[in-house]
Amino acid sequence: MNTERPIAEANPEDGFIESPNNWSMEDMTFILFGATGDLAQRKLFPALYNLYLDGKLPDTVSIIGLGRKYASDEAFQSKVEKALCAYSRRSVDPSNLQEFLAKFRYFTFDATIEESYVNLLKLVEAREKELGIPENRLFYLSVAPSLVDIITSNLHASGLDKNKGWKRLVIEKPFGRDVETARQLNDKLLETFHDNEIYRIDHYLGKPMVQSLNTLILANPVLDSLLDQKLISNVQITASEIVGVETRADYYDKAGAIRDMVQNHLLQLVMMTALYLPENLTDNKIQTKKTEILASLRTIRKEEAHQHVVRGQYEAGEIHDAPVTGYKEEPGVEASSKNDTYFAARLAIDHPSWEGIPFYIRTGKRMNKKSTQIVVEFKHKMVDSDRLKGTSPNLLVLEISPNESISLRVNLKEASGNQFKPVWIDFSTSSENQPEAYELLLFDAILGDSTFFAHWREVELSWEWIEPLLNAYEEDLLPLHGYRAGSTGPEAAEELLQQKQHKWW
Ligand SMILES: NC(=O)C1=CN([C@@H]2O[C@H](COP(=O)(O)OP(=O)(O)OC[C@H]3O[C@@H](n4cnc5c(N)ncnc54)[C@H](OP(=O)(O)O)[C@@H]3O)[C@@H](O)[C@H]2O)C=CC1
Ligand SMILES: O=C1O[C@H](COP(=O)(O)O)[C@@H](O)[C@H](O)[C@H]1O
């Protein structure tokens, strides 16, 4: 199958992705570690199915699911079908379901047993022969981080990685718990895979609005001209959630918002926003430019963290008129937990394009609404305060999820009277049934385009930036503010912006 999509190649000098060529999608084997797990059911199988419906899977693809539980191929295929019925954005079409399911095989596999890999190799090779496909292998690790080391070592020891075609490793978050463990993990992966064969998933980079920012700005000189340093007052990035810790206390109570959302998703959004000033970019420069931005992010030392960072934990409250419990009362959470479920910060980017423009970021669980958005607030002129009565700053709002939209807030004079009022101009409205982040990212990985995956330097630099804040947490240098479930977060986060005469939008 031919696609117009360019394939990215490694630039040997800097390890980044360069010089796209025209490329055709090749037949391959997709080896899914953790095929019986939650992520596979909710995201990966539906993503593969929707790619299939869109004709975005290679003509022949062998998909091998792995897990310790015993299951026959048929039982596994019906598990996949169930997952599609429950989670696919498009309903299952009986006329092509069997053709899709026939691509799947299941292999009972314990990642901790060496012999499993030898047997897996035999199955992979047998399927490659049977289907007459080249030895292109994509290994998707949808397993706990503790298994990554042993899996990659054994892929190497068993010879699964010594195929004649290409090989790729897709790895889920979390990528380490701090800079040290992230480095150890990366070094481990590099024993088996070349850097440009490693695809570190951050699903925020797969959100359609994030992926299309570049082309949107290129296609709309109006947007481009608005992103002008002289015009911008501040930038605000929010990822607020209604859900609480749910059933994930085991992981979340040790991670908190800072590791779960800030180190990866929010810093990625900061980079994706900041990289467009002052130049238009081609896709192949995105990773290099993002790293430049991250390297310019001013360090917040642990001693000064309290001036720039607010952390919080939700308390009992109400969401959609229903009472919800506080974080400490959630199942699996320590009653004395000091874990953060909310994080806000003021960031400074020491880059000529962003000098003097604060970036505010915030994320929280159990907030009043589900929304991920980027707001650019423009400088407000108050030259003639009488004539401009009622005006407020212009805002450019990029709504990333759950809906997608771009809107601009302007001041309009009321028909009667002299007063201005803010009105919104919508540049776009959300189109229903957009591809999901995992679809776009899986498609990229299948093509070999790593533009929207996190490069190692991005991961390393983001952990380096986070490190002093983790130390501030550990040394109790940052107060943990309570906030009511269903609210917009702690009062202290409002005060953080008031220090510079700003407010959250
Ligand atoms: N679920 C989600 O929404 C998200 C998950 N992630 C990440 O994705 C990864 C997977 O998460 P999730 O699916 O939720 O986890 P689950 O616990 O639901 O699934 C884990 C999978 O690993 C398999 N597994 C466990 N031990 C072994 C072993 N010794 N040998 C072989 N397979 C094993 C399990 O299969 P079996 O029990 O059959 O052996 C199961 O398929 C994690 O890294 C997580 O952080 C990232 C973002 C979101
Ligand atoms: O990675 C994660 O993201 C989700 C939020 O993702 P979204 O696409 O719904 O915005 C978050 O709930 C979860 O804690 C975190 O691990």
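First listed ligand is number 1; within each ligand, the first listed atom is number 1. Note that the coordinates shown come from a computational prediction; the quantities given were computed from them, not determined experimentally.
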task = Of the side chain and backbone of E172, name the one, both, or neither that has a heavy atom under 4.0 Å from an atom of ligand 1.
result = side chain
inquiry  = Is the ring pair Y49/F100 parallel, tilted or perpendicular, if the boundaries are 30 and 60 degrees?
reply    = perpendicular
query = Without hydrogens or angle criteria, can the side chains of K338 and Q313 be said to hold a donor-acceptor pair below 3.5 Å?
reply = no
ask   = Any side-chain donor paired with an acceptor under 3.5 Å for Y252 and E246?
value = no
remark   = closest protein heavy atom to atom 42 (C) of ligand 1 is V143 O, 3.4 Å
key: Which of the ligand 1 atoms, numbered from 1, are nearer than 4.0 Å to a heavy atom of L147   = 25 (C), 26 (N), 27 (C), 28 (C), 33 (C)
ask   = Any side-chain donor paired with an acceptor under 3.5 Å for S371 and E399?
value = yes
Donor-acceptor pair between D444 and Y199 side chains, under 3.5 angstrom = no
Closest to atom 25 (C) of ligand 1 among K43, R248, K69, R68 (heavy-atom distance) = R68
Distance-only check: which donor-acceptor pairs under 3.5 Å involve side-chain atoms of residues 65-76, not counting sequence neighbours?
from, atom 1, to, atom 2, distance (Å)
S72, OG, A75, N, 3.0
D73, OD1, Y106, N, 2.8

ask   = Any side-chain donor-acceptor pair under 3.5 Å between N119 and S116?
value = no
Sub-4.0 Å atoms of ligand 1 with respect to non-hydrogen atoms of S142 = 9 (C), 10 (C), 21 (C)
key: Side chains of S337 and D253, donor plus acceptor under 3.5 Å   = yes
query = For residues R346 and N234, is any side-chain donor paired with an opposing acceptor at under 3.5 Å?
reply = no
key: Nearest-neighbour protein heavy atom for atom 4 (C) of ligand 1, which is reported as residue plus atom name and distance   = L39 CD1, 3.6 Å
query = Which of the atoms in ligand 1, numbered in the order shown and given with their element, are less than 4.0 Å from a heavy-atom of A35?
reply = 41 (O)
ask   = To which protein heavy atom is atom 15 (O) of ligand 1 closest, and what is the distance rounded to 0.1 Å?
value = D38 N, 4.5 Å
query = Can you find a non-hydrogen atom of P174 under 4.0 Å from ligand 1?
reply = yes
remark   = So the atoms of ligand 1 within less than 4.0 Å of a heavy atom of F109 turn out to be 30 (N), 31 (C)
task = Using distance alone, decide if ligand 1 has a nitrogen or oxygen within less than 3.5 Å of any nitrogen or oxygen in P145.
result = no
key: Q263 side chain to S462 side chain, donor-acceptor N/O pair below 3.5 angstrom   = yes
ask   = Taking the six-membered ring for Trp, are F107 and F109 parallel (under 30°), tilted (30 to 60°) or perpendicular (over 60°)?
value = tilted
inquiry  = At less than 4.0 angstrom from any non-hydrogen atom of R42, what atoms of ligand 1 do you find?
reply    = 1 (N), 2 (C), 3 (O)
task = Write out the residue and atom name of the closest protein heavy atom to atom 21 (C) of ligand 1, then the distance separating them to 0.1 Å.
result = G34 CA, 3.6 Å
Shortest reach to atom 38 (O) of ligand 1 by a heavy atom, considering only I113, T36, L32 = T36
note = Protein neighbours of ligand 2 with a heavy atom under 4.0 Å, given by chain and number, are K173, H203, Y204, K207, E241, R248, D260, M261, H265, K365, K370
key: Min N/O separation Y438 to ligand 1 under 3.5 Å   = no
message = Does either side chain, that of N433 or that of R90, offer a donor lying less than 3.5 Å from an acceptor on the other one?
response = no
query = Among protein heavy atoms, which lies nearest atom 44 (C) of ligand 1, and at what distance?
reply = K173 O, 3.7 Å
task = Examine the side chains of S153 and K188 and answer whether a donor and an acceptor come within less than 3.5 Å of each other.
result = yes
request  = Can you pull out the closest protein heavy atom to atom 29 (N) of ligand 1? Residue, atom name and distance to 0.1 Å, please.
outcome  = D110 OD1, 3.1 Å
Any N or O of G37 closer than 3.5 Å to N or O of ligand 1 = yes
ask   = Does NZ or CZ of K56 come closer than 6.0 Å to the centre of the six-membered ring of F443, within 45° of the ring's axis?
value = yes
query = Of all the non-hydrogen atoms in the protein, which one sits nearest to atom 30 (N) of ligand 1, and at what distance?
reply = A111 N, 2.8 Å
remark   = Any heavy atom of L66 under 4.0 Å from ligand 1? The part involved is neither
message = Between Y52 and V61, is there a side-chain heavy-atom distance shorter than 4.5 Å?
response = no
ask   = Within a strict 4.5 Å, meaning less than it, do heavy atoms of the K207 and M272 side chains meet?
value = no
ask   = Is there at least one protein heavy-atom neighbour under 4.0 Å from atom 13 (O) of ligand 1?
value = yes
ask   = Is any N or O atom of G67, backbone or side chain, closer than 3.5 Å to an N or O atom of ligand 1?
value = no
Which atom of R137 lies closest to which atom of G159, heavy atoms considered = NH1-O, 4.3 Å
